[in-house]
Amino acid sequence: MTETTRDFIRQIIHDDLLSGKHEQIVTRFPPEPNGYLHVGHVMSICLNFGVGQETNGKTFLRFDDTNPGKEREEYVRAIERDVHWLGFDWGDRLTHASDYFDRLYESAEKLIENGVAYVDDLSADEIRAHRGTLTEPGTNSPYRERSVDENMNMFRRMRAGEFADGTHLLRAKIDMASPNMNLRDPALYRIRHIDHQRTGDKWCIYPMYDFAHTLSDAFEGTTHSLCTLEFEDHRPLYEWFLDQLQPENRPRQIEFSRLNLAYTITSKRQLNNLIEKSVVTGWDDPRMPTIAGMRRRGYSAAALREFVKRGGVTKKDKLIEMGVLENCVREQLGDSAERRMAVLRPLKVVLTNYPEGQVEMMAGHNHPNRPELGTREVPFSRELWIEQDDFLEEAPRKFFRLKPGGEVRLRSGYIIRCDDVIKNDAGEVVELHCSYDPDTRSGTGSSDRKVKGTIHWVSAAHSVPAKVRLYDRLFTIPDPTTADDVMDVLNPESLQTVQAMLEPSLKNLADGEAVQFERLGYFCTDSEEHTSEAPVFNRIVTLRDSWAKLERQAMQQS
RNA sequence: UGGGGCGUAGCCAAGUGGUAAGGCAUCGGGUUUUGAUCCCGUGUAUCGCAGGUUCGAAUCCUGCCGCCCCAGCCA
């Protein structure tokens, strides 16, 4: 039972090491720099780099930059930052597919020499028409039987820039009748008169993914090329390239299922769409399932790694519940985050029997389960803010908070009783008049009196106003991809901004430090917009809330 | 209707012929100056369905059903 169970990929790798097939494992994470990395990538990163670490092997961070025009330097930098932040180090193994353009070109010529690649003059539309369908075989291109010399000549002229985009295409000569569409003479090189972000104007022909990827793996000495399930159909092509070119190193491709998170999307196209339609503010919007977004939201790298670990590595399609991720985030923060008090939706409380002008410094414990974290001073005075939700004029039976005539403990303070409810002309509660019991000061021997509820508070005169953003899931259904248009299932309440009141110690919070606002959740300052003059906090995740659950159940029953 | 892959509890997931681990969620209960944390307890999973082989099948065989992926000069 204590025997560690390995996922099927690690098992294969383990066996290859034991059998002596490989002495050292080499993996790689090969993103295309055409967008930001998201949760799905986290899994691939953790798998590839994780295997590298566990086996004392090597892992490359390789940018798959074979499609100039769609790829940008901004994305390259963002990807590097994200992988690094997640806790992984590629050392000197940072590469680009474009590093191999020369070798790739040579390999293409070799295929032509071997008579297994040809230049096609058909247009894109004609090629599509010749490809056949899923159930019908394709037909050969009339240019398929060109001589090696003619192909070589044409290919060199392609490279020399003699032809316009789309007029010619280098194709592998495999089998137009193959039931596997990827083997119906797939494209190898296309003409694209466009500068490449790294090679400038050196090339006007660019290799396709399958060709560039397979050979890049081989060139770098990859032993296990781990990718997602949709590439399973490409494996025969991957093998074909290796068979034809016989590189010194022969990598093995193994596929696993992607990680899908409920209530989110992970398609770069759709994510980009959210940005363009201003549904979110950018790739790093705290609601985005991107690494940058989750980091800004306040999720830790450790929580993300743990999340991926719990998901496992298999070949089964998965849609993991949000709760699993949130739980990893909470678990990590529960231990580390210090406690503070803040009131999100303030309701004024006046302690009528508390001396006017008096201020007491109460000792707030920084962490209930870690006394070594000490205490901080929290000012207490006659006028306080409490949470609107913590008062109910007509409270249900198990409402352990404030109600007319009722008592609650103010956390780290005194027990108070609600004597009067002040309302405005509209009948809304605007203020509470309460009295405090001087014998119940927190931490003193005479504070033994018990009341059912404890609520948080902030001294009005000492409070620090702050903008606090409350985030929720971006979509209203577990699998937004099943909607006709994801715009139809957006959660209108994915972001609520409130003007909150914070306890004064929060003014000195270090950048990036997460704290728990007691009874509310975990929060951190926003890395982009927060200043000490105008504080902006993000809610990382709420606390578990069994009261909210009870309410929900009560609602459903009535 | 061609090819490839996958089907074990609400969500993940072990298990590879000997009678179904674990995590999360759920539901009880205890502790608690956070309705948090923590602790204890809690699951009739017809192992997609139907046959077959076997003393014995989630595991082997046959047939069926369901879901996902593939017809970019994207990756």
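Here is the naming used below: chain letters follow the sequence lines, and residue numbers restart at 1 for every chain.
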Engineer: Would you say A:Lys70 reaches B:A75's phosphate, i.e. side-chain N/O to OP1/OP2 under 4.0 Å?
Structural biologist: no
Engineer: A:Arg519 side chain N/O closer than 4.0 Å to the phosphate oxygens (OP1, OP2) of B:G35?
Structural biologist: yes
Engineer: Regarding A:Arg131, tell me which of base, sugar-phosphate or nothing describes its non-hydrogen contacts under 4.0 Å with the strands shown.
Structural biologist: sugar-phosphate
Engineer: My understanding is that a pair needs two contacts under 3.5 Å, Watson-Crick or G-U wobble. By that rule, which nucleotide pairs with B:A14?
Structural biologist: none
Engineer: Mind checking if A:Glu230 touches a base, just sugar-phosphate, or nothing, with heavy atoms under 4.0 Å?
Structural biologist: sugar-phosphate
Engineer: What's the gap between B:C38 and B:U16 when it is taken at their P atoms, as a whole Å value?
Structural biologist: 33 Å
Engineer: When the P atoms of B:C47 and B:G4 are compared, how many Å lie between them, rounded to an integer?
Structural biologist: 28 Å
Engineer: Can you see if the side chain of A:Arg411 gets near the phosphate of B:U32 - specifically, an N or O under 4.0 Å from OP1 or OP2?
Structural biologist: no
Engineer: Can you measure A:Asp390 atom CG to B:U33 atom P for me and round it to whole angstrom units?
Structural biologist: 17 Å
Engineer: Hey, are A:Glu360 and A:Tyr414 close enough side-chain-wise for a donor-acceptor pair under 3.5 Å?
Structural biologist: yes
Engineer: Do other residues, nucleotides or ligands put more than 12 heavy atoms under 6.0 Å from A:His196 NE2?
Structural biologist: yes
Engineer: Tell me whether the centres of the aromatic rings in A:Phe523 and A:Phe537 are closer together than 6.0 Å.
Structural biologist: no
Engineer: Classify the nucleic acid contact of A:Ala124 as base, sugar-phosphate or nothing, counting any heavy atom under 4.0 Å across all strands shown.
Structural biologist: base
Engineer: Which residue lies toward the 5' end of RNA chain B, A:Arg330 or A:Thr167, if each is placed at its nearest nucleotide?
Structural biologist: A:Arg330
Engineer: It should be established whether A:Ser546 places a side-chain nitrogen or oxygen under 4.0 Å from OP1 or OP2 of nucleotide B:A36.
Structural biologist: yes
Engineer: Is A:Tyr206 touching bases, backbone alone, or none of the nucleic acid, heavy atoms closer than 4.0 Å?
Structural biologist: nothing
Engineer: Contact class for A:Phe399 vs. all strands (heavy atom < 4.0 Å): base, sugar-phosphate, or nothing?
Structural biologist: base
Engineer: Checking A:Arg473 against A:Tyr263: charged group under 6.0 Å from the ring centre and within 45 degrees of the axis?
Structural biologist: yes
Engineer: Using the P atoms only, state how far B:U42 lies from B:G29, rounded to an integer number of Å.
Structural biologist: 15 Å
Engineer: Under 4.0 Å between any heavy atoms, over every strand shown, what does A:Glu321 touch: base, sugar-phosphate, or nothing? Just pick one.
Structural biologist: base
Engineer: Contact class for A:Leu319 (heavy atom, under 4.0 Å): base, sugar-phosphate, or nothing?
Structural biologist: sugar-phosphate
Engineer: Rounding to an integer number of angstrom, what distance separates B:G15 and B:G52 when you compare their P atoms?
Structural biologist: 30 Å
Engineer: Determine the contact category for A:His234: base if any of its heavy atoms lies under 4.0 Å from a base atom, sugar-phosphate if only primed atoms, P, OP1 or OP2 are that close, otherwise nothing.
Structural biologist: base
Engineer: With a 4.0 Å cutoff (strictly under), does any side-chain N or O of A:Arg449 reach OP1 or OP2 of B:U33?
Structural biologist: no
Engineer: Base, sugar-phosphate, or nothing for A:Ser123, non-hydrogen atoms under 4.0 angstrom?
Structural biologist: base
Engineer: Would you say whether A:Trp547 stacks on B:G35? The test is a distance between ring centres of less than 5.5 Å and an angle between planes of less than 30°.
Structural biologist: yes
Engineer: With no angle test and no hydrogens, is the base of B:U33 tied to the side chain of A:Ser412 by a donor-acceptor pair under 3.5 Å?
Structural biologist: no
Engineer: Across the strands shown, which category fits A:Gly334 at heavy-atom distances under 4.0 angstrom: base, sugar-phosphate, nothing?
Structural biologist: nothing
Engineer: Would you confirm whether the ring centroid of A:Phe400 sits within less than 6.0 angstrom of the ring centroid of A:Trp547?
Structural biologist: no
Engineer: For atom C1', what is the distance between B:G41 and B:U26, given to the nearest Å?
Structural biologist: 13 Å
Engineer: Using distance alone, with no hydrogens and no angle criterion, decide if A:Tyr299 and A:Glu326 have a side-chain donor and acceptor under 3.5 Å apart.
Structural biologist: no
Engineer: For B:C12 and B:C69, measure between their P atoms and round to the nearest Å.
Structural biologist: 16 Å
Engineer: Please state the C1' separation for the pair B:U44 and B:C65 - nearest whole angstrom.
Structural biologist: 25 Å
Engineer: What does B:G66 pair with, Watson-Crick or G-U, if both distances are under 3.5 Å?
Structural biologist: B:C6
Engineer: Determine the contact category for A:Leu169: base if any of its heavy atoms lies under 4.0 Å from a base atom, sugar-phosphate if only primed atoms, P, OP1 or OP2 are that close, otherwise nothing.
Structural biologist: base
Engineer: Can a donor-acceptor pair be found between the side chains of A:Asp210 and A:His234 at a distance below 3.5 Å?
Structural biologist: yes
Engineer: Answer with base, sugar-phosphate or nothing: what part of the nucleic acid does A:Asn369 contact at a heavy-atom distance below 4.0 Å?
Structural biologist: base
Engineer: Taking B:G17 as the reference, what is the distance to B:A58 when you measure between their P atoms (whole Å, please)?
Structural biologist: 13 Å
Engineer: Name the nucleic acid region contacted by A:Gln516, choosing base, sugar-phosphate or nothing; use a 4.0 angstrom heavy-atom cut-off, strictly under.
Structural biologist: base
Engineer: Tell which nucleotide pairs with B:G43, taking only Watson-Crick or G-U wobble pairs whose two distances are both under 3.5 angstrom.
Structural biologist: none
Engineer: Regarding A:Asp233, tell me which of base, sugar-phosphate or nothing describes its non-hydrogen contacts under 4.0 Å with the strands shown.
Structural biologist: base
